[in-house]
Chemist: 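Before we start, here is the structure in question, set down as structure tokens.
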Amino acid sequence: MPQGLQIWDASGALVLDTNTMHTRMVGVIQGPASGSISVPIFANGRPFAAVLLGGDGIYGIGARGTASVSGTTLTYNLQSYNVLLYGIY
């Protein structure tokens with residue numbers, strides 16, 4: 001019996017299974033910054049982009065940044081104290 005986290009979407013498709021999927025961190029971008037970059041390794045798995053919030057050195061407080069992935073392109077708009085983590089799983 002598997003042990004770990006499994007998540008299905010509304011149609012019943014498995015979208016995350018920690019028993020078989022492993023995360024690979026590809027990069028980090030520190031705000032303030034905005035733009036788009038090509039990340040070829042996104043073609044080798046399921047890409048993710050996570051914006052961490054911060055302010056005055058305390059994460060969880062501050063301006064919100066945004067990030068999106070389309071194919072192998074990562075587009076982001078980060079405010080001061082934002083950190084963007086991206087990779088594949």
Chemist: Kindly indicate, with the supporting measurements, whether the criterion side chain to side chain contact (heavy atoms under 4.5 Å, CB included) is fulfilled by Arg64 and Leu53.
Modeler: CA-CA 6 Å; Arg64 296 184 184 274; Leu53 307 178; 3.4 Å; yes
Chemist: Using the side chain to side chain contact (heavy atoms under 4.5 Å, CB included) rule, take Arg24 and Phe48 through it: C-alpha gap first, then chi angles, then the decisive distance, then the call.
Modeler: CA-CA 10 Å; Arg24 180 173 179 185; Phe48 70 88; over 6 Å; no
Chemist: Find the distance between CZ (Arg46) and OG1 (Thr23) and round it off to the nearest 0.5 Å.
Modeler: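 Those atoms lie 12.0 Å apart.
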Chemist: Could you state the interatomic distance from CG (Leu84) to CG (Leu78), rounded to the nearest 0.5 Å?
Modeler: 5.5 Å
Chemist: With rounding to the nearest 0.5 angstrom, report the CG to OG distance, Leu74 to Ser68.
Modeler: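 With rounding to 0.5 Å, CG (Leu74) is 7.0 Å from OG (Ser68).
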Chemist: With rounding to the nearest 0.5 angstrom, report the CG to CD distance, Leu52 to Gln30.
Modeler: 9.5 Å
Chemist: Between Ile88 and Ile41, is there a side-chain heavy-atom distance shorter than 4.5 Å?
Modeler: yes
Chemist: Answer yes or no: is there a side-chain heavy-atom contact under 4.5 Å between Val26 and Val39?
Modeler: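 In contact.
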Chemist: Treating Asn82 as the side-chain partner and Gly65 as the backbone partner, does any N or O pair qualify as donor plus acceptor under 3.5 Å?
Modeler: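 Checking the backbone N and O of Gly65 against the side chain of Asn82, a donor-acceptor pair under 3.5 Å is found.
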Chemist: Working to the nearest 0.5 Å, report the span between OH of Tyr76 and CD1 of Ile29.
Modeler: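 With rounding to 0.5 Å, OH (Tyr76) is 4.0 Å from CD1 (Ile29).
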Chemist: Identify the heavy atoms of Val51 and Ala67 that sit nearest to each other, and give their distance.
Modeler: CG2-CB, 3.9 Å
Chemist: Measure across Phe42 and Gly87 and return the closest heavy-atom pair with its distance rounded to 0.1 Å.
Modeler: CE2-O, 3.4 Å
Chemist: Please lay out, stage by stage, how Val69 and Tyr86 fare under the test side chain to side chain contact (heavy atoms under 4.5 Å, CB included).
Modeler: CA-CA 10 Å; Val69 175; Tyr86 61 95; over 6 Å; no
